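All values derive from a computational prediction rather than experimental measurement.
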Amino acid sequence: MKKSLALLALLVSGTAFGRPAPIVSIATHDAFFDKIAAHCGKAYQGKVTVDNQGPSKFDKSKLVMHVRRCNHIELQVPFHVGDDASRTWIITKTGSGLSLKHDHRLENGEDDPSTMYGGHTTDAGFANVQSFPADQYSKELFVSQGIPQSMGNTWQMYIYDDKFTYRLVREGREFRVDFDLTKPITPPKAPWGYKD
């Protein structure tokens, strides 16, 4: 009898842990995430609209964002700068907000020494706008690479019916690219380190 009760207790307790915990989120984060996900599979051309340290290769290159891969917790959005396919923005629901990471790869697909930097939301933001202040990993990476000024980075993304914006701000620095969501273009090839 004791063995039967022990077995029953084990089965019941196993059932309680038989599924993963749900990913929780709030309405503004969900709306922002869903607005980007609605463009899954599509690519758009953009242009630099603010660069207080320009000009740079961004001004002279074709800029393309491609909402390439989407699931219920992660969006992969490569950002092509001319023939440079090294950058992918990864937006993830974390259960305590949204994370933005910059996955940088070398042309051979290996990780760039400066990769996976980014930040995490610290407030509700808005359905159209979210901010990602640099996280601790990023701050330590920037210091180790001799660019401590980047510790103050905040990345912002805006999405409206006609425009998607990627913006970087910190003291003394502002960089912004706007993408025209009214004119989809042919999606580019997979970014470096990814497969079609």
CD (Glu174) and CD (Gln53) are apart, to the nearest 0.5 Å, by 11.0 Å
At what distance, to the nearest 0.5 angstrom, does OG of Ser131 lie from CD of Gln156? 4.0 Å
Nearest heavy-atom contact between Ala127 and Ile159 is O-CG2, 4.5 Å
Under 6.0 Å from the CD atom of Glu171, do we count more than 12 heavy atoms belonging to anything else shown? no
Please examine the side chains of His102 and Phe79, heavy atoms only from C-beta on, and report whether any two atoms are closer than 4.5 Å. no
Hey, what else clusters with Ile23 if you join Ile, Leu, Val, Met, Phe, Trp, Tyr whenever side-chain heavy atoms sit under 4.5 Å? Ile73
Report yes or no: do Tyr158 and Phe175 belong to one cluster of Ile/Leu/Val/Met/Phe/Trp/Tyr joined by side chain heavy-atom distances under 4.5 Å? no
Is any side-chain heavy atom of Lys62 closer than 4.5 Å to one of His80? no
Is any side-chain heavy atom of Pro187 closer than 4.5 Å to a side-chain heavy atom of Arg68? no
Quick one: does Lys42's side chain get under 4.5 Å of Val67's, heavy atoms only? no
Donor-acceptor under 3.5 Å (Thr92 side chain, Glu74 main chain): no
Within 6.0 Å of CZ in Phe126, more than 12 heavy atoms from elsewhere: no
If you take all heavy atoms of Asp59 and Gly54, which pair is closest and at what distance? OD2-CA, 4.4 Å
Residue pairs, two or more places apart or on separate chains, that pass salt bridge (Lys or Arg N to Asp or Glu O under 4.0 Å) and touch residues 129-150: Lys101-Asp135
Spatial distance of atom OG (Ser61) from atom CG (Asp83) [nearest 0.5 Å]: 8.0 Å
Compute whether any side-chain donor of one residue and acceptor of the other, for Ser114 and Asp112, lie under 3.5 angstrom apart. no
How many angstroms lie between CZ in Arg105 and OG1 in Thr115, if you round to the nearest 0.5 Å? 6.5 Å
If the plane angle is over 60° it's perpendicular, under 30° parallel, otherwise tilted; pick one for Trp89 and Tyr166. parallel
According to a hydrophobic-cluster definition based on side-chain heavy atoms being under 4.5 Å apart (Ile, Leu, Val, Met, Phe, Trp, Tyr only), do Val48 and Leu181 belong together? yes
From the list Leu100, Val77, Thr165, Asn128, side-chain contact (heavy atoms from CB on, under 4.5 Å) partner of Met157 resolves to Leu100
Do the side chain of Asp196 and the main chain of Ala190 share a donor and acceptor less than 3.5 angstrom apart? yes
Looking only at the side chains, is there a donor atom on one of Arg69 and Gln76 sitting less than 3.5 Å from an acceptor on the other? no
Begin from the C-alpha positions of Leu63 and Val81 and carry the test side chain to side chain contact (heavy atoms under 4.5 Å, CB included) through to its verdict. CA-CA 5 Å; Leu63 306 179; Val81 180; 3.8 Å; yes
Nearest heavy-atom pair of Pro133 and Thr154: which atoms, and what distance? CA-OG1, 3.7 Å
Heavy-atom check, side chain of Phe132 versus side chain of Thr121, under 4.5 Å: yes
Using the ring of each side chain (for Trp, its six-membered ring), is Phe164 parallel, tilted or perpendicular to Phe179, with breaks at 30° and 60°? tilted
Asp51 with Arg173: basic N within carboxylate O range, under 4.0 Å: yes
Nearest atoms (heavy-atom pairs only) where Gly97 meets His120: CA-CE1, 3.5 Å
hydrophobic_cluster_shared for Val64 and Ile91, side chain cutoff 4.5 Å: no
Passing option when Tyr44 is tested against Lys163, His39, His66 for side-chain hydrogen bond (donor to acceptor under 3.5 Å, both in side chains): His39
Rounded to the nearest 0.5 Å, what's the gap from CG on Asn153 to CD1 on Ile147? Could you check? 8.0 Å
Would you say that more than 12 heavy atoms from the other residues, nucleotides or ligands in this model lie under 6.0 Å from the CG of Asp161, or not? no
Whether Asp30 and Lys93 form a salt bridge (side-chain N of Lys/Arg under 4.0 Å from carboxylate O of Asp/Glu) is what I want to check. yes
Point-to-point distance, once rounded to the nearest 0.5 Å, from CD of Gln130 to NE2 of His29: 4.0 Å
All heavy atoms of Pro148 vs all of Val143, minimum pair found to be CB-CG2, 4.4 Å
By side chain to side chain donor-acceptor pair (under 3.5 Å), which residues pair with Arg87, not counting sequence neighbours? Asp84
Count I, L, V, M, F, W, Y as connected when their side-chain heavy atoms are under 4.5 Å apart, and connections chain through other members. Are Tyr117 and Trp192 then in the same cluster? no
If you take all heavy atoms of Ala43 and Pro188, which pair is closest and at what distance? CB-CD, 3.9 Å
Could you tell me whether a side-chain N or O of Gln45 sits under 3.5 Å from a main-chain N or O of Lys183, the two making a donor and an acceptor? no
Please tell me whether Leu168 and Phe142 are part of a single hydrophobic cluster in this structure, the criterion being side-chain heavy atoms less than 4.5 Å apart. yes
